[in-house]
Enquirer: 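My structure is below; once you've seen it, I'll send some questions.
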Amino acid sequence: QAQLEESGGGLVEAGGSLRLACAVRGGVFNRYAMGWFREAPGKEREFVAVVTASGERTFYGDSVKDRFIISRDNALKVAYLQMNNLEPDDTAVYYCVAAFHHSPDWYCTTYECVDYWGQGSQVTVSS
């Protein structure tokens, strides 16, 4: 059983940057693909980014591609989401997720495959 602890959300002006961190307690970190989803008021939950357990493959949602960077440190058991050039439409609660798989290069982009969720971090981008 894993627990995901998120940190790093907050308020930033448009064009600014924030970094989210997701520390994993318990479980088998190097067998989890790690990622983020986000949810804004009145909108459906949206896939943001994922990194494979190996750290060698990443995949991004179209709305954040070329602005966000996901990474992981398997020694520290932490995943990161670097968010650059933030826009007001990025305002949402961001949820760190972990999905277990035996293959280190596997990933998925739908929440049905998620095994664990973090508590959520509010990110607010002012115009």
Side-chain angles (χ1 to χ4, degrees):
Q1 192 79 5
Q3 292 184 325
L4 278 56
E5 300 176 1
E6 300 183 50
S7 59
L11 173 64
V12 65
E13 292 184 351
S17 298
L18 282 174
R19 189 178 79 159
L20 302 181
C22 179
V24 178
R25 309 285 183 242
V28 187
F29 185 78
N30 62 1
R31 281 294 178 261
Y32 297 140
M34 298 295 299
W36 268 268
F37 286 81
R38 67 186 183 185
E39 190 168 335
K43 296 183 180 180
E44 292 187 356
R45 189 167 292 180
E46 179 186 8
F47 166 76
V48 176
V50 64
V51 58
T52 58
S54 68
E56 294 183 1
R57 299 178 69 189
T58 58
F59 190 77
Y60 298 91
D62 288 341
S63 60
V64 307
K65 198 177 298 182
D66 299 326
R67 297 188 297 122
F68 290 12
I69 301 170
I70 189 170
S71 61
R72 63 190 293 154
D73 186 325
N74 281 2
L76 295 179
K77 299 182 181 180
V78 181
Y80 302 98
L81 184 68
Q82 177 67 42
M83 303 182 291
N84 300 319
N85 193 20
L86 283 159
E87 304 168 352
D89 283 348
D90 294 317
T91 295
V93 177
Y94 285 70
Y95 294 93
C96 175
V97 299
F100 177 87
H101 199 274
H102 62 84
S103 171
D105 292 321
W106 171 87
Y107 69 88
C108 71
T109 61
T110 60
Y111 60 79
E112 289 85 357
C113 66
V114 171
D115 294 303
Y116 303 103
W117 292 83
Q119 80 277 14
S121 294
Q122 177 67 49
V123 171
T124 303
V125 184
S126 62
S127 56

Enquirer: Excluding sequence neighbours, so at least two apart, what forms ring pair (Phe, Tyr, Trp, His ring centres under 6.0 Å) with F59?
Expert: Y107
Enquirer: Going through the checks in order, is the side-chain contact (heavy atoms from CB on, under 4.5 Å) test met by F29 and V78?
Expert: CA-CA 9 Å; F29 185 78; V78 181; 5.7 Å; no
Enquirer: Roughly how far, to the nearest 0.5 Å, is CG of D115 from CZ of R31?
Expert: 14.0 Å
Enquirer: Could you walk me through whether E5 and S7 pass the side-chain hydrogen bond (donor to acceptor under 3.5 Å, both in side chains) test, one step at a time?
Expert: CA-CA 7 Å; E5 300 176 1; S7 59; over 6 Å; no
Enquirer: Between V48 and Y60, does the side-chain contact (heavy atoms from CB on, under 4.5 Å) criterion hold? Intermediate values first, please.
Expert: CA-CA 6 Å; V48 176; Y60 298 91; 6.0 Å; no
Enquirer: Scan D90, T91, L18 and name whichever one has a side chain to side chain contact (heavy atoms under 4.5 Å, CB included) with V12.
Expert: L18
Enquirer: Which heavy atom of G26 sits nearest to which heavy atom of A2, and what is that distance?
Expert: O-CB, 4.0 Å
Enquirer: Counting distance only, does the side-chain N/O of S127 pair as donor-acceptor with the main-chain N or O of P88 below 3.5 Å?
Expert: no
Enquirer: For E44, I'd like to know if atom CD has over 12 heavy atoms of other residues, nucleotides or ligands within 6.0 Å.
Expert: no
Enquirer: Does any part of the side chain of M34, heavy atoms only, come nearer than 4.5 Å to the side chain of V97, both counted from C-beta?
Expert: no
Enquirer: Angle between ring planes, W117 versus Y95, binned at 30° and 60°: parallel, tilted or perpendicular?
Expert: perpendicular
Enquirer: Please step through side-chain contact (heavy atoms from CB on, under 4.5 Å) for the pair T58 and T52, ending with a clear verdict.
Expert: CA-CA 6 Å; T58 58; T52 58; over 6 Å; no
Enquirer: Let me confirm one number: the CD-CG distance from E46 to D89, rounded to the nearest 0.5 Å.
Expert: 9.5 Å
Enquirer: Among the clusters formed by ILVMFWY side chains lying less than 4.5 Å apart, do I69 and V123 turn up in the same one?
Expert: yes
Enquirer: Check step by step if side-chain contact (heavy atoms from CB on, under 4.5 Å) holds for L86 and E13.
Expert: CA-CA 8 Å; L86 283 159; E13 292 184 351; over 6 Å; no
Enquirer: Measure up the Y116 and Y32 rings against each other and bin them: parallel (under 30°), tilted (30 to 60°), perpendicular (over 60°).
Expert: perpendicular
Enquirer: For L20 and G9, which heavy atoms make the closest approach, and how far apart are they?
Expert: CD2-N, 3.5 Å
Enquirer: At their closest point, which heavy atom of S17 faces which heavy atom of N84, and how far apart are they?
Expert: OG-OD1, 3.1 Å
Enquirer: What distance separates H101 NE2 from D105 CG, expressed to the nearest 0.5 Å?
Expert: 11.0 Å
Enquirer: Would a hydrophobic clustering, with Ile, Leu, Val, Met, Phe, Trp and Tyr connected at side-chain separations under 4.5 Å, put Y80 with L4?
Expert: no
Enquirer: With rounding to the nearest 0.5 Å, note down the distance linking SG in C96 to CH2 in W36.
Expert: 4.5 Å
Enquirer: Considering the options E6, Q122, R38, which one meets the side chain to side chain donor-acceptor pair (under 3.5 Å) requirement together with Y94?
Expert: R38
Enquirer: Ignoring hydrogens, what is the shortest heavy-atom contact between V50 and A33? Give both atom names and the distance.
Expert: CG2-CB, 4.2 Å
Enquirer: Verify the ring-centre separation between Y111 and F47: is it less than 6.0 angstrom?
Expert: no
Enquirer: CZ of R19 to CD of Q82: how many Å apart, nearest 0.5 Å?
Expert: 7.0 Å
Enquirer: I need the F37 CZ to R45 CZ distance, nearest 0.5 Å.
Expert: 8.5 Å
Enquirer: E87 vs N85, test: side-chain hydrogen bond (donor to acceptor under 3.5 Å, both in side chains). Steps then yes/no.
Expert: CA-CA 7 Å; E87 304 168 352; N85 193 20; 4.9 Å; no
Enquirer: Measure across R72 and N30 and return the closest heavy-atom pair with its distance rounded to 0.1 Å.
Expert: NH2-CA, 4.3 Å
Enquirer: Looking at V114 and A99, what are the two nearest heavy atoms and their distance?
Expert: CA-CB, 4.3 Å
